[in-house]
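On a predicted model such as this, the values are computed, not experimentally measured, just so you know.
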Amino acid sequence: MIALLAESAIRLRALFRKEFRQLLRDPRMRFFVVVPPLIQLLVFGYAASYDVRRADIGVVDPVRSEQTRALLGAVTADGTFTAFAFADMRDAARAIDRGTVRAVLHFSPGFDHDQRVQLIADGSDSNSALMIVGQLAQSLQRAAGATAPIAIEERAWFNPNLEDRWFFVPGIIATVLLISTSMLIAMAVVREREIGTLERMMVTPVARIEFLLGKIAPVVCIGIFDVALVCVVAVFWFEVPMRCTVWSLTVATLLYLASTLGIGLLISSFVVTQQQAVLWMFFVTMPMILLSGFAFPIANMPEPAQWFAAINPLSHFLYVLRDMFLKGGGIADHAMRFAAMAALGLGAVAVSALRLR
Amino acid sequence: MKLQRVRAVALKETRHLLRDPGSLAMMVLMPVMLLFIFGYAIRLDVLEAPIGVFQEATDGVSGELTAHLDASRAFRVSARYDNRRALGDALQAGHIWAGIVIPHDFARELARGDARIQLLLDGVDANTARLLRNYARTMIGEYALRQGAARPPLVLEERVWFNEARESRYAILPGVIALVMAVMGALMTSLTIAREMELGNLVMLCTTPLSRTEFLCGKLAPYLLIGLLDVLVAAFVTTTLFDVPLRGSLLALVSVSTLFLLVVLMQGALISMVAGNQMLASQMAMVSTFLPALLLSGFVFAVQNMPRLLEYITYAVPARYYVTLCKAIFLKGVGPLLLWTEVVALVAVLLLLAIATVRRAARLGLLP
């Protein structure tokens, strides 16, 4: 028994060396282990924002009175809105069509008596349109001397400035892991099959489980490396608070890794070419990401999509990640979600190990 | 360049695709799947968000305010708490998305005209929190008006053009087509040349009279057809199943899509040759085409909301121009003629990519 294990250890060592070398031999491949996660992080950290921080707006002001000028000054005062004057509504409409302005403030010709203003927003970006209309309306009314009859004291917990970044950045850990690890493992197995080296492997004394372990080990290392990288940048560059312990983050990551590897292996068990593997990866990961709550809240989705979220390891991991980062939860707070991740991960690995013959 | 030889390569590639009906079906179904996800499952606005209320006093006025909030489409008062602590715990646990504290002297203060209430938001999902905040402000303002507070001084008429129903779906679906094109075009072609290089077939091709432009044209032609099919399927699904209006012309959409497809196919071919193996090519294609098309194109996240530096970077993303064109053709009903700058930019990118691709192809060893 012990002799068998010792032999197996020798084979495993040889396999580990081969797999690590194969994966990291190509300098471009090494580059691609480090750079894409960073690019994703930077782009999401900076680009993914629903908030309107600046917008060009058009102004049609046939009155040009003291009051309209004062209102305009008040609207543009904080630098969010930059106003461009248009002679009439036709010119302004053209600018909206071309996309050069995102909203138009149209003072009525009889503004001095009726105090009417039309606010028009470009609805081809509906979220921004709502935000812009809301902000413009509020600052116009306030500038015109409105006082709120009920003052609202607003406080956002866990994210006082409502930074979209704090919402997106922890989630990137989950998507980066899904995309890179499951893709790498699927490609690594299918590649052997496509080139024909898998058959040669079969005539060696290497057991199936050893072959799988050999494939999994480097990918797990890369995954953990990527998580550490993303965390360091998130905390030190983007200053996202990390209110949980490293220990609970590690446990969650490992459980989730089991699922992503399982998915990759499962795909590799029935595809023949790498092109098919890529297609399948896409077909599986796209709905997983889009329906996970990563960018679009699950609570707004119809029921069937919510059932899917219950069996989607990504949505559990995302929930746990955000909670751990921002609210400081731990394993005990989310025992059910950890159990779900463990079950899904073990299930996926077991099924794929049985299928890969 | 001989058409006959281009046709031979194209035929070979087509056969290759047809031999694998599963993958082919996926290439055609992918747009439909994405459209379904975005059309049915994804909303950016809030409906019936669970909120908690803590009324310090049980008078009628506080109760009325609570009822007023509950009656709105945005909120559902899912729980009432009898102390601040319980409300906070529910917010921490994620049972409610926002909490409202109505102080004990609310009724008296409201009569005097300076009432205050407290709104606590779960800020983890910042966008939802912002939307809830805006809704709460509107609802509370309405309530105050009904209680006889002074009307606000200006009469505002708010209109959202092209999307009067304020459906986030209308704004998102035209962009999904761009996403699909970027994925199908670049990801698929990025693998095709790398595969030949990996399997060593390219060396054999070197001994034939096939020139490199003929090789490239033949390789890309079948994918162009699949891409165009995808555009038509996507346009059909978007307009019939999801009732998004196609206010511009179909011809404009198809011609702009062809232009964009050529760009992504070239991009894929270039990636394929630079990478040389399929694993690397797929990763490169993901990072250089799919992610920019998802994030930097203005598809969900408006380009104008990004920091300036990033906004300048988006000028180098072809999908940005295509998303603008798609949204304009679908929703605004304006054609490529009004948005000629976007078309010119796409043509320029295409020319640059074509030159780079042909130059890089010189290294393949095929005849010039």
Specify whether A/Phe270 and A/Trp280 have parallel, tilted or perpendicular ring planes, treating 30° as the upper limit for parallel and 60° as the lower limit for perpendicular. perpendicular
Between B/Lys332 and A/Asp122, does any NZ, NE, NH1 or NH2 come within less than 4.0 Å of an OD or OE carboxylate oxygen? yes
With a cut-off of 6.0 Å (strictly less than), are more than 12 heavy atoms of other residues, nucleotides or ligands near CZ of B/Arg76? yes
Counting heavy-atom pairs under 4.5 angstrom with chain B, the leader among A/Glu163, A/Gln135, A/Arg116 is A/Arg116
Pairs of heavy atoms under 4.5 Å with chain B: top-ranked of A/Ala144, A/Pro302, A/Ala121, A/Ala277: A/Ala121
Assert top hit (heavy-atom pairs under 4.5 Å, partner chain A, pool B/Arg130, B/Met306, B/Met30, B/Gln304) equals B/Arg130
With a sphere of 6.0 Å drawn around CZ of A/Arg54, does it hold more than 12 non-hydrogen atoms of other residues, nucleotides or ligands? yes
With a 4.5 Å cut-off on side-chain heavy atoms, are B/Ile100 and B/Gln118 touching? no
Between B/Arg320 and B/Thr314, is there a side-chain donor-acceptor contact under 3.5 Å, judged purely by atom types and distance? yes
With chain B, the option among A/Ala129, A/Gly134, A/Pro297 that has the most non-hydrogen atom pairs under 4.5 Å is A/Pro297
Nearest heavy-atom neighbours spanning A/Met131 and A/Tyr50: CG-O, 4.3 Å
What part of A/Leu291 gets closer than 4.5 Å to chain B, counting heavy atoms only: side chain, backbone, both or neither? side chain
Pick whichever of B/Asn134, B/Thr128, B/Leu34 has the most heavy-atom pairs under 4.5 Å with chain A. B/Leu34
Quick one: what part of B/Asp122 sits under 4.5 Å from any heavy atom of chain A, side chain, backbone, both or neither? both
So which atom in B/Ala285 and which in B/Ala186 form the shortest heavy-atom distance, rounded to 0.1 Å? CB-O, 4.3 Å
Measuring heavy-atom distances to chain A, does B/Leu24 have an atom under 4.5 Å in its side chain, in its backbone, in both, or in neither? neither
Within the structure provided, determine whether B/Leu191 and B/Ser272 are in side-chain contact (heavy-atom separation under 4.5 Å). no
Is A/Phe158 in contact with chain B via its backbone, its side chain, both, or neither, using a 4.5 Å heavy-atom distance? side chain
Is the shortest distance from a Lys or Arg side-chain nitrogen in A/Arg322 or B/Asp125 to a carboxylate oxygen in the other one below 4.0 Å? no
Option that, when pairs with chain B are counted at under 4.5 Å, heavy atom only, ranks first among A/Asn159, A/Ile39, A/Ile120, A/Val43: A/Ile120
For A/Ile96, is it the side chain, the backbone, both or neither that has a heavy atom under 4.5 Å from a heavy atom of chain B? both
Checking heavy atoms, do the side chain of B/Leu120, its backbone, both or neither come under 4.5 Å from chain A? both
With a 4.5 angstrom heavy-atom cut-off, could you sort out which part of A/Ser124 is near chain B: side chain, backbone, both or neither? both
Take atom CZ of B/Arg137 as the centre, draw a 6.0 Å sphere, and report whether it contains more than 12 heavy atoms from other residues, nucleotides or ligands. yes
Choice from B/Gly175, B/Gly298, B/Gly88 maximising heavy atom contacts with chain A below 4.5 Å: B/Gly88
Greatest number of heavy atom pairs closer than 4.5 Å to chain B - which of A/Phe44, A/Phe111, A/Phe283, A/Trp166: A/Phe283
Top residue by heavy-atom pair count (under 4.5 Å) with chain A, among B/Ala171, B/Ala129, B/Pro50, B/Ala98? B/Ala171
I'd like to know if B/Arg195 pairs up with A/Glu194 as an ion pair, taking the criterion as any Lys NZ or Arg NE/NH1/NH2 lying under 4.0 Å from an Asp or Glu carboxylate oxygen. yes
Sort B/Glu198 into side chain, backbone, both or neither according to what part of it lies under 4.5 angstrom from a heavy atom of chain A. side chain
With a 4.5 angstrom heavy-atom cut-off, which part of A/Arg98 approaches chain B: side chain, backbone, both or neither? both
Heavy-atom contact with chain B under 4.5 Å, split by part of A/Leu290: both
Side chain / backbone / both / neither for B/Ala93 at chain A, heavy atoms under 4.5 Å: backbone
Counting heavy-atom pairs under 4.5 Å with chain B, which one of A/Arg53, A/Met301, A/Lys327 comes out on top? A/Lys327
Whatever's closer than 4.5 Å to a heavy atom in chain B on A/Asn127 counts as side chain
Report the C-alpha separation of A/Phe168 and A/Tyr46 in whole Å, then their side-chain angles, then the decisive distance to 0.1 Å, and conclude whether the ring pair (Phe, Tyr, Trp, His ring centres under 6.0 Å) test is met. CA-CA 10 Å; A/Phe168 280 113; A/Tyr46 285 114; over 10 Å; no
Max heavy-atom pairs within cutoff under 4.5 Å with chain A, candidates B/Leu331, B/Ile37, B/Leu29, goes to B/Ile37
Pair count under 4.5 Å, heavy atoms only, with chain A: among B/Thr324, B/Thr138, B/Leu339, B/Val124, highest is B/Val124
Which bit of A/Phe296 comes within less than 4.5 Å of chain B, counting heavy atoms only: side chain, backbone, both or neither? side chain
salt_bridge(B/Glu311, B/Arg308) N-O dist < 4.0 Å: yes
Chain B contact via A/Arg165 - which portion, at a heavy-atom distance below 4.5 Å: neither
Consider only side-chain N and O atoms of A/Ser108 and A/Asp114, and report whether a donor and an acceptor are under 3.5 Å apart. yes
Considering only heavy atoms, which portion of A/Tyr319 lies under 4.5 Å from any heavy atom of chain B: side chain, backbone, both, or neither? side chain
